[in-house]
Peer 1: 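Have a look at this one.
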Amino acid sequence: MNPLLEIHQSGQSLWLDFITRKFMAEGKLARLVSEDGISGVTSNPTIFQKAISGGQEYDDTISNLIKQGKTSDEIFDALSIEDIQKACDIFRGVYDKTKGADGFVSLEVNPHFARDTQSTLNEARRLFKAVNRPNVMIKIPATKEGIPAIEQALGDGININITLIFSLKRYEEVMNAWLSGLERLSKSGKPLSNVSSVASFFVSRVDSLVDGELEKKNHPELMGKAAIANAQLAYDLFQKMKASPRFQTLAQKGARVQRPLWASTSTKNPKYRDVIYVEELIGAETVNTLPLATIDAVRDHAKAKPALPSNPEAARKIVGELAKNGIQMDDVTHKLEVDGVKLFADSYNDLMKTLDQKKGTLKAASR
């Protein structure tokens, strides 16, 4: 059997970490849904920047928006909302078949708002209304300032993909915001079953940073273990949250679980198996987001055996061994969060530069 379908049958959803207008128009996204069981999409400014700069598929729309006097920010807003709407429509069948449990498409708030609670909340509300699809998820980063925005947005009944989670401590804050948001929604008298959320826990970037430190310290035996151990401990926290009286009270009112989502799961180190962050994190009630190359690799040779829940004590032992060798996971994950916020903002800036250049080219061509 196709390993992608086997993973899907194990209770894990696989989402595509990629979107372009051409890819959808050619029916390729729909084929991934029908043939491989792909059940969602995530997007970010980097993905859109590559799509817009990579060809001419957006040129006509951009030209029309230029004639309307739109800025680069406004052009991106229009392009991304249109693409997300099209993707939502492709996945509407999955959403309906699963009764709102899957089939989501994620759109990110402006990353420059990552340290601004109110602007993040305002943007989440605006984008959710603008896309106007029940299966859109708005991505909010799990920064200190993002947490209260997440709670309030969920309390409004907005589907939220909490992104850029690296640390277990931050993940606990995210889960607490999820529960508080549901409690707020419940008090308003709105149905809890209509709102969904995922908590995007970043994986491979952890190994990229830790392995560099281990190489300096000459401890190759611990390389390639930190990221999976960190994710395994996150899954253990998820299970405890799911079993908690607080969530069970909400579940009786129709609340869904907030699924852990494994992000950044393409393998960065060529010495490692190219599907390691897929195979080692297969578990029920989780999501894994994959770029096209990783989807192809999984289809070709992945071993689709459930790996979660795992032994949390073994994962804690790895974290303990890292600490003995001077690598504190709290320090690692803090740096990754700071770097991640900057990288997302830099990607957005690159996207604006791309649109500025595209506008100049199209204006010159129309003279």
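On a predicted model such as this, the values are computed, not experimentally measured, just so you know.
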Peer 1: Could you walk me through whether Lys240 and Met175 pass the side chain to side chain contact (heavy atoms under 4.5 Å, CB included) check?
Peer 2: CA-CA 11 Å; Lys240 289 175 180 174; Met175 288 190 290; over 6 Å; no

Peer 1: Quick one, Lys242 with Ser244, criterion side chain to side chain contact (heavy atoms under 4.5 Å, CB included). Give me CA distance, side-chain angles, the key distance, then yes/no.
Peer 2: CA-CA 6 Å; Lys242 184 184 170 186; Ser244 70; over 6 Å; no

Peer 1: To the nearest 0.5 Å, tell me how far Ser347 OG sits from Met352 CE.
Peer 2: 11.0 Å

Peer 1: Can you spot which of Thr294, Thr289, Asn288 makes a side chain to side chain donor-acceptor pair (under 3.5 Å) with Thr265?
Peer 2: Asn288

Peer 1: Ile47, Leu343: one ILVMFWY side-chain cluster at the under-4.5 Å cut-off?
Peer 2: no

Peer 1: Using modelled atom types only, decide if a donor and an acceptor are shared between the side chain of Thr267 and the backbone of Asp274 within a distance under 3.5 Å.
Peer 2: yes

Peer 1: Could you report the tightest heavy-atom contact between Ser13 and Asp102, atom names first, then the distance?
Peer 2: OG-OD2, 2.5 Å

Peer 1: I need the Ser43 OG to Asp17 CG distance, nearest 0.5 Å.
Peer 2: 8.5 Å

Peer 1: So do His112 and Asn349 actually touch side chain to side chain, heavy atoms under 4.5 Å?
Peer 2: yes

Peer 1: Side chains of Val319 and Asn230, heavy atoms from C-beta outward: is any pair under 4.5 Å?
Peer 2: no

Peer 1: Are Glu313 and Arg316 close enough, and set up right, to give a salt bridge (charged side-chain N to carboxylate O under 4.0 Å, His left out), and what steps lead you there?
Peer 2: CA-CA 5 Å; Glu313 292 308 314; Arg316 288 189 188 95; 2.6 Å; yes

Peer 1: Kindly say whether Ala114 contributes a backbone atom to a donor-acceptor pair with the side chain of Thr143 at under 3.5 angstrom?
Peer 2: yes

Peer 1: Could you tell me whether the side chain of Thr117 and the main chain of Glu145 form a donor-acceptor pair under 3.5 Å?
Peer 2: yes

Peer 1: Start with the C-alpha distance between Glu337 and Ser167, add both sets of side-chain angles, then the distance that settles side chain to side chain contact (heavy atoms under 4.5 Å, CB included), and finish with yes or no.
Peer 2: CA-CA 9 Å; Glu337 180 185 305; Ser167 79; 5.6 Å; no

Peer 1: So, using side chain to side chain contact (heavy atoms under 4.5 Å, CB included) as the criterion, who are the partners of Glu35 when residues are at least two apart?
Peer 2: Arg31

Peer 1: Tell me whether Glu82 contacts the main-chain N or O of Arg21 through its side chain, where contact means a donor paired with an acceptor under 3.5 Å.
Peer 2: no

Peer 1: Hey, mind stepping through Ser266 and Lys268 against side-chain hydrogen bond (donor to acceptor under 3.5 Å, both in side chains) and telling me if it holds?
Peer 2: CA-CA 6 Å; Ser266 59; Lys268 307 296 190 291; 3.2 Å; yes

Peer 1: Distance from Phe48 atom CZ to Ile19 atom CD1, nearest 0.5 Å?
Peer 2: 5.0 Å

Peer 1: Nearest 0.5 Å, what's the CG-CG distance between Leu214 and Leu322?
Peer 2: 6.0 Å

Peer 1: Would you confirm whether Asp211, through its side chain, and Gly224, through its main-chain N or O, come within 3.5 Å as a donor-acceptor pair?
Peer 2: yes

Peer 1: Do you reckon Leu121 sits in the same ILVMFWY cluster as Ile140, going by side-chain contacts under 4.5 Å, direct or chained?
Peer 2: no

Peer 1: Check the hydrophobic clustering (I, L, V, M, F, W, Y; side-chain heavy atoms under 4.5 Å; chains of links allowed) and say if Leu292 and Ile52 are grouped together.
Peer 2: yes

Peer 1: Can you find a heavy atom in the side chain of Ile138 that is under 4.5 Å from one in the side chain of Ile160?
Peer 2: yes

Peer 1: Who are the salt bridge (Lys or Arg N to Asp or Glu O under 4.0 Å) partners of Asp296, not counting sequence neighbours?
Peer 2: Arg299

Peer 1: Are more than 12 heavy atoms from other residues, nucleotides or ligands located less than 6.0 Å from atom NZ of Lys86?
Peer 2: yes

Peer 1: Linking Ile, Leu, Val, Met, Phe, Trp and Tyr by side-chain heavy atoms under 4.5 Å, what else ends up with Tyr95?
Peer 2: Trp15, Phe104, Met137, Val198, Leu261, Val287

Peer 1: Establish whether Tyr272 and Ile318 are linked, either directly or via other cluster members, by ILVMFWY side-chain heavy-atom contacts under 4.5 Å.
Peer 2: yes

Peer 1: Between Ile165 and Leu237, is there shared hydrophobic-cluster membership here, with clusters defined by ILVMFWY side-chain heavy atoms closer than 4.5 Å?
Peer 2: yes

Peer 1: Using side-chain heavy atoms (C-beta onward) and a distance below 4.5 Å, is Glu173 in contact with Lys144?
Peer 2: no

Peer 1: Who pairs with Arg184 by side chain to side chain contact (heavy atoms under 4.5 Å, CB included), at least two apart in sequence or on another chain?
Peer 2: Glu151, Gln152

Peer 1: Does any non-hydrogen side-chain atom of Ile147 lie less than 4.5 Å from one of Asn176?
Peer 2: no

Peer 1: Are side-chain heavy atoms of Leu29 and Phe91 found at a separation under 4.5 Å?
Peer 2: yes

Peer 1: Residues in salt bridge (Lys or Arg N to Asp or Glu O under 4.0 Å) with Asp59, at least two apart?
Peer 2: Lys358

Peer 1: Is the shortest heavy-atom distance from the side chain of Arg133 to the side chain of Asp89 under 4.5 Å?
Peer 2: yes

Peer 1: Give the minimum heavy-atom separation between Ala142 and Val174, together with the two atoms involved.
Peer 2: CB-CG2, 3.8 Å

Peer 1: Taking all non-hydrogen atoms of both residues, which atom of Ser53 and which atom of Thr354 are closest, and how far apart?
Peer 2: CB-CG2, 3.5 Å

Peer 1: Could you check whether any side-chain N or O of Ser180 sits under 3.5 Å from a backbone N or O of Ala177, counting only pairs where one atom can act as donor and the other as acceptor?
Peer 2: no

Peer 1: Judged by atom type as modelled, is there a donor-acceptor pair below 3.5 Å linking the side chain of Asp36 to the main-chain atoms of Ile38?
Peer 2: no

Peer 1: Find out whether Val341 and Arg115 are in side-chain contact, i.e. whether some heavy atom of one side chain is under 4.5 Å from a heavy atom of the other.
Peer 2: yes

Peer 1: Could you go through the side chain to side chain contact (heavy atoms under 4.5 Å, CB included) check for Leu32 and Phe18 one step at a time?
Peer 2: CA-CA 12 Å; Leu32 284 177; Phe18 175 78; over 6 Å; no

Peer 1: For Ile150 and Pro141, work out which heavy atoms get closest and say how close.
Peer 2: CD1-O, 4.1 Å

Peer 1: Between Lys99 (side chain) and Lys97 (backbone), is there a donor-acceptor pair under 3.5 Å?
Peer 2: no

Peer 1: Roughly how far, to the nearest 0.5 Å, is CZ of Arg256 from CG of Asn194?
Peer 2: 8.0 Å

Peer 1: Is it the case that over 12 heavy atoms from other parts of the model lie below 6.0 angstrom from the CD atom of Glu215?
Peer 2: no

Peer 1: Show, in sequence, the C-alpha distance, side-chain angles and deciding distance for Gln232 and Asp236, and conclude whether the side-chain hydrogen bond (donor to acceptor under 3.5 Å, both in side chains) test is met.
Peer 2: CA-CA 6 Å; Gln232 288 170 336; Asp236 187 53; over 6 Å; no

Peer 1: Quick check: are there more than 12 heavy atoms from other residues, nucleotides or ligands sitting under 6.0 Å from CG of Asp60?
Peer 2: no

Peer 1: Do side-chain atoms of Thr120 reach the backbone of Phe113 as a donor and acceptor pair under 3.5 angstrom?
Peer 2: yes

Peer 1: Working to the nearest 0.5 Å, report the span between OG1 of Thr333 and CZ of Arg205.
Peer 2: 13.5 Å

Peer 1: Closest approach of Ser72 and Lys359, non-hydrogen atoms and distance?
Peer 2: OG-CD, 3.5 Å

Peer 1: Could you list the donor-acceptor pairs under 3.5 angstrom formed by side chains in residues 325-332, with sequence neighbours left out?
Peer 2:
from	atom 1	to	atom 2	distance (Å)
Asn325	OD1	His219	NE2	2.6
Asn325	ND2	Glu321	O	2.8

Peer 1: With no hydrogens and no angle check, is any side-chain donor or acceptor of Gln258 less than 3.5 Å from a backbone partner on Trp178?
Peer 2: no

Peer 1: Does this structure show an ion pair linking Lys129 with Asp156, if we count only N-O contacts that are shorter than 4.0 Å?
Peer 2: no

